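Just below is one structure, and these are the notes that go with it.
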Amino acid sequence: MVFFSSGKDAFPYAFSRFTDTVFRVAVHNTQRQTDAEDVTQEVFLKLLESDKVFRGEDHLKAWLIRVTINQCRDELRKSNGIVLCEAPVDSNTAQKEDSVLEAVKSLPENYRNTIYLHYYEGYSAKEIGKILDAKPNTVLSWLSRGRAILKEEMIGGFDDE
């Protein structure tokens with residue numbers, strides 16, 4: 001078991017091992033890549049300044065994901081939800097590319113993060129509950145509801161029902 005006595009102690013290991021994970025979670029929770037890059041940088045700065053003791057790799061990774069999600073929320077609050085496009089996007093091309101990930105990103109925050117952590121990062125409901133500070137049954141409900149919304153969006157309903 002890897003043990004880190006502080007964020008400064010954990011930084012080299014975390015940066016080499018979890019930068020991609022932090023960036024993916026940030027991209028998943030922000031609207032622009034530049035915002036995700038800023039969030040990733042802020043998360044690792046917070047780790048560097050942290051005096052938190054980490055009880056292993058899993059604890060460190062969960063802490064980084066939790067801080068990333070919180071930092072994304074803070075960034076969204078700062079911008080008041082206003083997103084400026086960096087470049088015009090062809091709507092037909094945007095719909096065809098990454099349609100599943102885009103559908104996941106359009107979900108409400110709890111469903112979006114739960115589905116992302118479960119399917120993309122491989123966490124169990126119990127582990128997601130610890131990261132998101134929720135009960136495992138709540139996480140299972142979010143997974144179920146998120147999947148139902150995705151199914152409706154991706155497959156669509158029938159007009160005659």
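Position 1 is the first residue of the sequence; numbering continues from there. Keep in mind that what you see is a predicted model, and the values were worked out from it rather than measured.
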Could you tell me whether K8 and E49 make a salt bridge, using a distance below 4.0 angstrom between a side-chain N and a carboxylate O? no
Could R32 and D35 be called an ion pair, given the rule that one side-chain N must be under 4.0 Å from one carboxylate O? yes
Any side-chain donor near an acceptor of the partner, R112 and N29, under 3.5 Å: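 Yes.
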Students often mix this up, so state it plainly: with edges at 30° and 60°, are the rings of F11 and F44 parallel, tilted or perpendicular?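 Perpendicular: the ring planes of F11 and F44 meet at over 60°.
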Looking at side-chain heavy atoms only, is the closest gap between [X] and [Y] below 4.5 Å?
| X | Y | result |
| --- | --- | --- |
| N113 | H28 | yes |
| K105 | Y116 | no |
| Y119 | L143 | yes |
| S6 | K52 | no |
| I115 | W142 | no |
| I131 | L117 | yes |
| Y123 | I65 | yes |
| R66 | K130 | no |

Run the numbers on E57 and F18 for side-chain contact (heavy atoms from CB on, under 4.5 Å), then give the verdict. CA-CA 10 Å; E57 182 177 330; F18 301 121; 3.5 Å; yes
Go through it in stages, so that I can follow the logic: the residues are Y13 and L60, the test is side-chain contact (heavy atoms from CB on, under 4.5 Å), and I'd like the CA-CA distance, side-chain angles, deciding distance and then a yes or no. CA-CA 10 Å; Y13 180 80; L60 175 61; 4.0 Å; yes
Which residues pass the salt bridge (Lys or Arg N to Asp or Glu O under 4.0 Å) test with E37, sequence neighbours left out?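 Per chain and number, E37 pairs via salt bridge (Lys or Arg N to Asp or Glu O under 4.0 Å) with no residue.
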Residue pair V39, V22: steps toward the side-chain contact (heavy atoms from CB on, under 4.5 Å) verdict: CA-CA 9 Å; V39 166; V22 169; 5.7 Å; no
Determine, stepwise, if the pair R24 / T21 fulfils side-chain contact (heavy atoms from CB on, under 4.5 Å). CA-CA 5 Å; R24 283 192 314 265; T21 301; 3.4 Å; yes
Could you go through the salt bridge (Lys or Arg N to Asp or Glu O under 4.0 Å) check for D74 and R77 one step at a time? CA-CA 5 Å; D74 292 346; R77 279 190 208 112; 2.9 Å; yes
Say you draw a straight line from OG of S106 to CG of L150; how long is it, rounded to the nearest 0.5 Å?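 Here the interatomic distance stands at 7.0 Å.
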Closest approach of F54 and A10, non-hydrogen atoms and distance?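 Looking at all heavy atoms of both residues, the closest pair is CD1-CB, 4.2 Å.
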